[in-house]
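Down below is the structure, laid out as structure tokens.
Just so you know, these numbers use all the heavy atoms, side chains as well, and skip hydrogens, waters and symmetry mates. Here, residue 1 is the first one in the sequence, and each next residue gets the next number.
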Amino acid sequence: EQGVAIGFNTMRTDAGARSIGLGYYTGYNKAGHDAICIGSHAGNDNCGERSICIGRGAGNKSTNNYVNNIFIGTDAGKTLISGFDRYNIIGIGTNAGNQDPKRNSINIGYSAGYVDSGKNSINIGQYSSYAGGNHSSCIVLNAQIDTALNPQGPNRLYIKPIRNETTTAGLTQLYYNSTTGEITHA
């Protein structure tokens with residue numbers, strides 16, 4: 001039940017069974033069982049059990065109850081605060097799910113779900129749910145350039161941009177709030 005540790009201070013304090021660490025200070029404080037940490041400071045302060053942290057600072061400062069997560073990219077999933085909602089999280093891209101994402105959230109793109117993405121949420125695109133507000137069960141799709149799109153409450157869908165169409169023949173009705181990016185139907 002040995003792990004593999006390659007690099008300066010890699011998995012120095014507590015290496016979990018069957019864990020892999022590769023890089024400078026990778027999995028330094030603790031690497032959970034079956035964890036994979038690759039890159040400088042990846043999983044540095046607690047790479048959770050059955051978690052994957054790849055990239056400089058990915059999963060860097062994580063604490064208890066942090067399992068089954070995937071963080072790929074510089075500072076993806078960098079800070080998970082202690083609690084019971086820190087599992088089954090995906091963060092792919094620089095700063096994706098950077099600060100305290102909640103369980104079952106998916107954050108893909110530069111700074112997607114950057115701060116406090118809510119549980120059961122999907123955030124795709126640059127700055128999608130950048131300041132998430134911990135709103136659960138939201139879907140945020142953002143293709144705007146250098147502009148954040150943040151949910152304003154739970155159980156909502158946000159998409160930007162959407163093309164303005166003046167011909168309505170054969171189209172179903174959706175209502176779109178051009179200010180918030182929220183889509184609703186009636």
Per-pair distances, 0.1 Å, donor-acceptor, side chain in residues 128-142, under 3.5 Å, sequence neighbours excluded:
from, atom 1, to, atom 2, distance (Å)
Ser128, OG, Ile124, N, 3.2
Ser128, OG, Gly125, O, 2.9
Asn142, OD1, Gln144, N, 3.1
Asn142, OD1, Gln144, NE2, 3.0
Asn142, ND2, Gln126, O, 2.9
Asn142, ND2, Thr147, O, 2.8

Please tabulate, for the side chains in residues 34-44, all donor-acceptor contacts under 3.5 angstrom to protein atoms that are two or more places apart in sequence or on a different chain.
from, atom 1, to, atom 2, distance (Å)
Asp34, OD1, Arg18, NE, 2.7
Asp34, OD2, Arg18, NH2, 3.2
Asn44, ND2, Asn60, OD1, 3.3

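In this structure the side chain of Tyr110 reaches within 4.5 angstrom of the side chain of Asn95, judged on heavy atoms. The shortest side-chain heavy-atom distance between Asn68 and Arg50 falls under the 4.5 Å cut-off. With contacts defined as side-chain heavy-atom distances shorter than 4.5 Å, the pair Arg86/Lys102 qualifies.
Hydrophobic side-chain contacts under 4.5 Å tie Tyr24 into a cluster, directly or through other members, with Phe8, Tyr25, Tyr28.
A pairwise comparison of heavy atoms in Gly181 and Leu149 identifies CA-CD1, 4.5 Å as the closest pair. Among all heavy-atom pairs drawn from Tyr158 and Gln152, the shortest one is OH-N, 2.8 Å. Of all heavy-atom pairs spanning Gly109 and Ala96, the tightest one is O-CB, 3.7 Å. Contact record, Leu22 with Thr26: O-OG1, 3.5 Å, taken as the closest heavy-atom pair.
Of the possible polar contacts, one joining the Ser51 side chain to the Glu49 backbone as a donor-acceptor pair under 3.5 Å is found. A distance-only check finds no donor-acceptor pair linking the side chain of Lys30 to the backbone of Gly16 [under 3.5 Å]. Between the side chain of Thr74 and the main chain of Gly55, no donor-acceptor pair closer than 3.5 Å is present.
Taking hydrophobic clusters as Ile, Leu, Val, Met, Phe, Trp and Tyr residues chained together by side-chain heavy-atom distances below 4.5 Å, Val67 does not share a cluster with Met11. Neither Phe71 nor Ile54 shares a network with the other; the hydrophobic side chains, linked directly or stepwise wherever heavy atoms of I, L, V, M, F, W or Y lie under 4.5 Å apart, form separate groups for each. Put simply, Ile162 and Tyr127 are part of two different groups of oily side chains (I, L, V, M, F, W, Y) that touch within less than 4.5 Å, one to the next. Hydrophobic clustering, with ILVMFWY side chains joined whenever heavy atoms are under 4.5 angstrom apart, groups Leu157 together with Tyr176.
Considering OG of Ser117 and CZ of Arg103, their distance stands at 12.5 Å, rounded to 0.5 Å. Separating the OG atom in Ser105 from the NZ atom in Lys119 is a distance of 11.5 Å, to the nearest 0.5 Å. Asn69 contributes atom CG, which lies 7.0 Å from atom CG of Asn88 (distance to the nearest 0.5 angstrom). To the nearest 0.5 angstrom, Ile183 atom CD1 is 11.0 Å from Lys160 atom NZ.
For Arg12, the CZ atom counts as loosely surrounded, since its 6.0 Å shell holds 12 or fewer non-hydrogen atoms of other residues, nucleotides or ligands.
Asn29 and Asn46 are not linked by any side-chain donor-acceptor pair at a separation below 3.5 angstrom, with hydrogens and angles left out of the test. No hydrogens or angles considered: nothing links the side chains of Asn98 and Asp75 as a donor-acceptor pair under 3.5 Å.
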